[in-house]
A.B. asks: 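What follows is a single structure, and I will ask about it in a moment.
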Amino acid sequence: MKERTVAVYRTAKKAVDEFTVPYNERTTILDALEYIRLQEDPDLMYRQSCHHGSCGTCGMAVNGEFVLSCIKRLADIPEDQAVRIEPLPTMHQIGDLAFDPAGFFNEFPDDITYKRVSDVNTDAAVPEDMEHYERFESCIECGLCVTSCPVTVDWMGPAALASIHRMIEKNPDEADTWLDRAAEKRGVEQCTKDFSCSRVCPTGVAPGKRITLLGSMIKKREKARASEEKQE
Amino acid sequence: MQPMGNVSDTHVVVIGGGGTGAAILYDLVQRGFKATLFERGELTCGSTGRHHGLLHSGARYVVKDREVGRECMNEVRILKRIAPEAIEANRGIFVAFTEEEEAYRETFEEACAEADIPTQWLDADELLAMEPRLNPTLRGGVMVPDGTLDAYRLPMHFFAGARQLGAVIRNFARVESFVFEGRRIAGVTVRDLRTGTDETVACDLVINATGGWAGKLAAMADINLPITPAPGTMLAHQGRLVNNIIERLRPASDGDILVPQRGLSIIGSTQWQSDDPDDCRVPDADVELLTNAAIDMVPDFKDTKYHKAWAAVRPLAGASSTEEEGRELSRDFEVRNHGTLDGVEGMLSLTGGKATTLRIMGEKTVDVVCEMFDVEASCRTADEPLPNYRQFFRHGVLV
Ligand SMILES: Cc1cc2nc3c(=O)[nH]c(=O)nc-3n(C[C@H](O)[C@H](O)[C@H](O)COP(=O)(O)OP(=O)(O)OC[C@H]3O[C@@H](n4cnc5c(N)ncnc54)[C@H](O)[C@@H]3O)c2cc1C
Ligand code: SF4
Ligand code: FES
């Protein structure tokens with residue numbers, strides 16, 4: 001196995017600690033942190049759960065790029081580049097690389113559902129007692145989009161707004177209620193269309209596009225309402 | 001939701017923030033106990049978050065053990081009711097690809113029937129109509145109520161329920177030692193990683209729910225707890241190829257479960273033995289073995305892109321010296337009272353179990369606690385829907 005030095009941010013020092021870690025072509029940033037915790041420092045703090053990009057806990061800044069540490073491979077960082085691992089800057093820091101996502105989750109409206117109709121093999125037969133297969137949403141609620149977003153005012157942020165758009169996709173007849181939420185002061189109107197959210201999203205949710213679509217729906221609704229008033 | 005039963009002054013400390021700890025904690029506060037949970041890392045950072053994500057109807061175990069099968073099936077019915085958002089709506093299909101596997105059908109269906117696990121035989125045409133990407137050499141398959149569960153969000157539902165009822169949850173807080181009063185455990189010493197300080201927390205009972213680490217924790221109390229850490233590898237590729245879980249109609253073996261989850265296809269697993277539950281490095285050979293096993297069942301797997309290979313540790317009950325024996329150990333769980341077994345009062349340990357059976361493990365454990373402290377309160381976790389996992393975060397940041 002090859003070896004490599006990684007610099008890891010430590011809260012107590014307000015500076016990085018350097019560690020040498022073994023790696024092969026599969027080793028991820030999270031694997032490297034596991035190695036450090038087990039071999040060097042059991043007190044190193046970072047979040048992890050699924051190790052395969054499904055839970056959304058393990059977001060970090062690696063050389064300034066916002067990534068899921070369980071998926072980001074060390075071998076994908078050129079050997080002549082240093083490796084610097086830091087916490088996601090906008091989150092509530094609790095130590096080293098760990099954060100508490102309460103603030104992030106609080107932006108999601110209470111009644112957002114987490115499943116949708118499966119989008120593969122859609123022509124295939126389904127079990128008799130089922131209308132269609134359902135799967136979990138692609139959004140793993142990792143907060144990378146929110147962290148990458150350049151908007152600094154207090155607002156709902158891309159993940160929560162994308163979840164509202166998904167609700168309209170799933171329940172078109174509830175569109176009005178959901179659009180009311182998106183049209184709030186802390187909603188769509190704060191978006192500056194930077195689209196960094198979509199670029200950084202690890203699961204292809206495209207929050208930027210969804211916010212834009214919400215924006216057009218809101219405009220369309222306003223126009224329709226205005227012309228109704230005129231006719232009256 | 002209000003805590004019921006005798007609101008008790010008894011303080012119980014739960015060690016381990018996996019699914020088992022989550023379900024015990026929720027059940028404890030629901031039955032009126034004061035409870036505090038310590039987890040050394042983030043919640044669910046042990047085997048719980050990392051497992052395969054198969055909601056077990058029990059079919060995988062039923063030929064060997066009807067009772068385990070029946071218990072799983074019962075839990076599937078309950079979990080679908082109390083935490084529907086944590087389970088994809090799909091099924092499991094045990095597919096016969098070979099003549100040998102087809103011959104296993106009768107044994108399998110009989111065992112399922114005895115354990116009340118509903119089955120439906122699908123002949124080759126029906127099966128391919130349902131899952132067009134399966135290897136067309138197949139001969140048919142048995143559909144069972146297996147499903148895909150969200151390994152993180154299911155236990156977070158239980159944590160949300162526990163937090164709502166006043167449980168204290170401390171992550172990044174590692175239990176370092178036990179405080180003894182004679183032969184009785186009277187508290188725990190905890191290192192808070194946030195502050196780097198140690199503190200002592202008094203309690204009336206400690207519940208060791210540390211899964212693969214349970215033997216280590218027990219050793220800290222000078223108790224010999226036979227447990228075998230047995231890690232296994234899983235491999236995820238990008239692309240959802242099937243909607244149902246595809247399993248092989250034969251006794252459990254390596255690489256015989258393909259789980260669709262979100263946009264991924266996840267094949268698992270393998271099993272080896274480890275002395276250290278923390279050492280979960282994926283053996284290179286496992287990746288090739290699992291890739292081939294997936295291609296065998298779903299040929300299109302070869303055209304999908306590698307996403308991640310990782311491993312989790314199985315907390316198998318009982319000590320074992322060989323790998324063969326390891327697979328033979330019962331997958332059932334046990335609540336061990338170290339007072340009666342080892343002469344150390346004030347501590348219970350849980351061994352074995354599955355992610356699917358977290359709730360019933362909680363129930364059985366808290367039944368024992370109620371008996372120990374003479375509290376009359378029956379379990380209600382099967383009856384009340386859990387709050388959504390996002391509610392966990394509504395209570396503000398953990399401190
Ligand atoms: C390869 C594999 C695949 C599996 N697939 C499935 C499946 O598809 N379906 C299914 O139902 N089950 C599956 N399982 C089983 C399932 O993963 C486990 O049964 C379950 O996750 C165990 O949960 P637990 O809470 O008991 O243990 P864990 O989740 O391991 O929790 C123990 C916790 O204790 C913590 N801890 C340890 N020491 C300390 C300390 N000193 N202080 C504080 N905290 C401490 C650890 O950090 C850890 O978080 C699988 C297991 C493996 C290995
Ligand atoms: S939209 Fe993408 S980046 Fe944002 S929380 Fe969801 S998965 Fe993460
Ligand atoms: S650990 Fe779950 S997304 Fe990385």
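Chain identifiers are assigned alphabetically (A, B, ...) following the order of the sequence lines, protein sequences preceding nucleic acid strands; residue numbering begins at 1 within each chain. Computed from a predicted structure; not experimentally measured.
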A.B. asks: Given 3.5 Å as the limit, does a donor-acceptor pair link the side chain of K308(B) with the main chain of G53(A), or not?
C.D. replies: no
A.B. asks: Please test Y389(B) against Y114(A) for ring pair (Phe, Tyr, Trp, His ring centres under 6.0 Å), starting from the C-alpha separation and ending with a verdict.
C.D. replies: CA-CA 10 Å; Y389(B) 67 92; Y114(A) 199 61; 5.8 Å; yes
A.B. asks: Which atom names give the shortest non-hydrogen contact between P132(B) and A124(A), and what distance separates them?
C.D. replies: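 Scanning both residues, the minimum pair turns out to be CD-CB, 3.9 Å.
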A.B. asks: Can you tell me which of T57(A), T11(A), D100(A) forms the most heavy-atom pairs within a distance under 4.5 Å of chain B?
C.D. replies: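 Among the listed options, the one with the most contacts to chain B is D100(A).
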A.B. asks: For R73(A), is it the side chain, the backbone, both, or neither that has a heavy atom closer than 4.5 Å to a heavy atom of chain B?
C.D. replies: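 Just its side chain gets close to chain B.
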A.B. asks: If you compare all heavy atoms of P101(A) against all heavy atoms of F393(B), which two are closest, and at what distance to 0.1 Å?
C.D. replies: CG-CE2, 3.5 Å
A.B. asks: Report which part of F104(A) has an atom under 4.5 Å of a heavy atom belonging to chain B: side chain, backbone, both, or neither.
C.D. replies: neither
A.B. asks: Among residues 117-127 of chain B, which ones touch chain A with a heavy-atom distance under 4.5 Å?
C.D. replies: Q120(B)
A.B. asks: Can you tell which of E131(B), R133(B), H395(B) has the highest number of heavy-atom pairs within less than 4.5 Å of chain A?
C.D. replies: R133(B)
A.B. asks: Checking side-chain contact (heavy atoms from CB on, under 4.5 Å) for the pair C55(A)/T44(B): CA distance, chi angles, key distance, verdict?
C.D. replies: CA-CA 10 Å; C55(A) 70; T44(B) 73; over 6 Å; no
A.B. asks: If I measure from the heavy atoms of chain B, does D123(A) come under 4.5 Å with its side chain, its backbone, both, or neither?
C.D. replies: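 When you check distances to chain B, no heavy atom of D123(A) falls under 4.5 Å.
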A.B. asks: Examine whether an atom of I94(A) lies under 4.5 Å from a heavy atom of chain B, and if so say whether it belongs to the side chain, the backbone or both; otherwise answer neither.
C.D. replies: both
A.B. asks: Check each atom of I93(B) against the heavy atoms of chain A and say whether the ones under 4.5 Å are side chain, backbone, both or neither.
C.D. replies: neither
A.B. asks: Where on V126(A) is there a heavy atom nearer than 4.5 Å to chain B: the side chain, the backbone, both, or neither?
C.D. replies: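 Backbone only.
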A.B. asks: Against chain A, label A312(B) side chain, backbone, both or neither, depending on which of its atoms sit under 4.5 Å from a heavy atom there.
C.D. replies: neither
A.B. asks: If I measure from the heavy atoms of chain B, does T113(A) come under 4.5 Å with its side chain, its backbone, both, or neither?
C.D. replies: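 Contact with chain B involves both backbone and side-chain atoms of T113(A).
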A.B. asks: Could you walk me through whether E88(B) and E134(A) pass the side-chain contact (heavy atoms from CB on, under 4.5 Å) test, one step at a time?
C.D. replies: CA-CA 6 Å; E88(B) 289 192 354; E134(A) 272 185 342; 5.7 Å; no
A.B. asks: Test salt bridge (charged side-chain N to carboxylate O under 4.0 Å, His left out) on R174(B) and D43(A) and set out the steps.
C.D. replies: CA-CA 9 Å; R174(B) 186 173 64 232; D43(A) 291 356; 2.8 Å; yes
A.B. asks: Would you mind checking if K115(A) and D150(B) are paired as a salt bridge, meaning a charged N to carboxylate O distance below 4.0 Å?
C.D. replies: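 K115(A) and D150(B): not salt-bridged.
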A.B. asks: Hey, is R50(B) close enough to E34(A) for a salt bridge, meaning N to O under 4.0 Å?
C.D. replies: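 Here R50(B) pairs with E34(A) in a salt bridge, since their nearest N and O are under 4.0 Å apart.
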A.B. asks: Determine, for E141(A) against R153(B), whether the closest basic-nitrogen to carboxylate-oxygen distance falls under 4.0 angstrom.
C.D. replies: yes
A.B. asks: For the candidates G53(B), A89(B), A151(B), which exhibits the highest count of non-hydrogen atom pairs separated by less than 4.5 Å from chain A?
C.D. replies: A89(B)
A.B. asks: Could you go through D110(A) and R390(B), starting from their C-alpha distance and side-chain angles, then the distance that decides it, and tell me whether this counts as salt bridge (charged side-chain N to carboxylate O under 4.0 Å, His left out)?
C.D. replies: CA-CA 8 Å; D110(A) 265 343; R390(B) 286 196 202 101; over 6 Å; no
A.B. asks: Is there side-chain contact between N121(A) and N243(B), with at least one heavy-atom pair below 4.5 Å?
C.D. replies: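 Contact flag for N121(A)/N243(B) side chains = yes.
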A.B. asks: If I measure from the heavy atoms of chain B, does D129(A) come under 4.5 Å with its side chain, its backbone, both, or neither?
C.D. replies: side chain
A.B. asks: For T203(A), which atoms come within 4.5 Å of any heavy atom of chain B: side chain, backbone, both, or neither?
C.D. replies: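 Contact with chain B: none, neither part.
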A.B. asks: When heavy-atom pairs shorter than 4.5 Å are enumerated against chain A, which of M156(B), E85(B), E42(B) gives the highest number?
C.D. replies: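 Most heavy-atom pairs under 4.5 Å with chain A: E85(B).
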A.B. asks: In terms of heavy-atom proximity below 4.5 Å to chain B, should H92(A) be classed as side chain, backbone, both, or neither?
C.D. replies: side chain
A.B. asks: Evaluate the side-chain contact (heavy atoms from CB on, under 4.5 Å) criterion for residues L264(B) and H52(A): first the C-alpha distance (whole Å), next the side-chain angles of each, then the deciding distance (0.1 Å), finally the verdict.
C.D. replies: CA-CA 10 Å; L264(B) 300 173; H52(A) 63 279; 4.0 Å; yes
A.B. asks: Between T48(B), L241(B), I87(B), I266(B), which residue shows the highest count of heavy-atom pairs closer than 4.5 Å to chain A?
C.D. replies: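 Among T48(B), L241(B), I87(B), I266(B), the one with the most close pairs to chain A is I87(B).
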A.B. asks: So how far is it from S49(A) OG to Y152(B) OH, rounded to the nearest 0.5 Å?
C.D. replies: 7.0 Å
A.B. asks: Taking R262(B) for its side chain and E137(A) for its backbone only, find out whether a donor-acceptor pair lies under 3.5 Å.
C.D. replies: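 Present.
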A.B. asks: Side chain, backbone, both or neither: which part of M45(A) has an atom under 4.5 Å from a heavy atom of chain B?
C.D. replies: both
A.B. asks: List the atom of Q261(B), the atom of S54(A), and the distance in Å for their closest heavy-atom pair.
C.D. replies: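 So the two residues come closest at OE1-OG, 2.9 Å.
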A.B. asks: Could you tell me whether a side-chain N or O of R394(B) sits under 3.5 Å from a main-chain N or O of F105(A), the two making a donor and an acceptor?
C.D. replies: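 Such a contact is found between R394(B) side chain and F105(A) backbone.
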A.B. asks: If you tally heavy-atom pairs under 4.5 Å against chain A, which of T148(B), V242(B), D278(B) wins?
C.D. replies: D278(B)
A.B. asks: In residues 284-291 of chain B, which residues are in contact with chain A at a heavy-atom separation under 4.5 Å?
C.D. replies: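 Hits under 4.5 Å: D284(B), V287(B).
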A.B. asks: Given heavy-atom pairs under 4.5 angstrom as the criterion, report whether the side chain, backbone, both or neither of A309(B) touches chain A.
C.D. replies: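 Only the side chain of A309(B) comes within 4.5 Å of chain A.
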A.B. asks: Please classify the contact of I140(A) with chain B as side chain, backbone, both or neither, using a heavy-atom distance under 4.5 Å.
C.D. replies: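 Both parts, backbone and side chain.
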A.B. asks: Looking at N244(B), L43(B), L128(B), which makes the most heavy-atom pairs under 4.5 Å with chain A?
C.D. replies: N244(B)
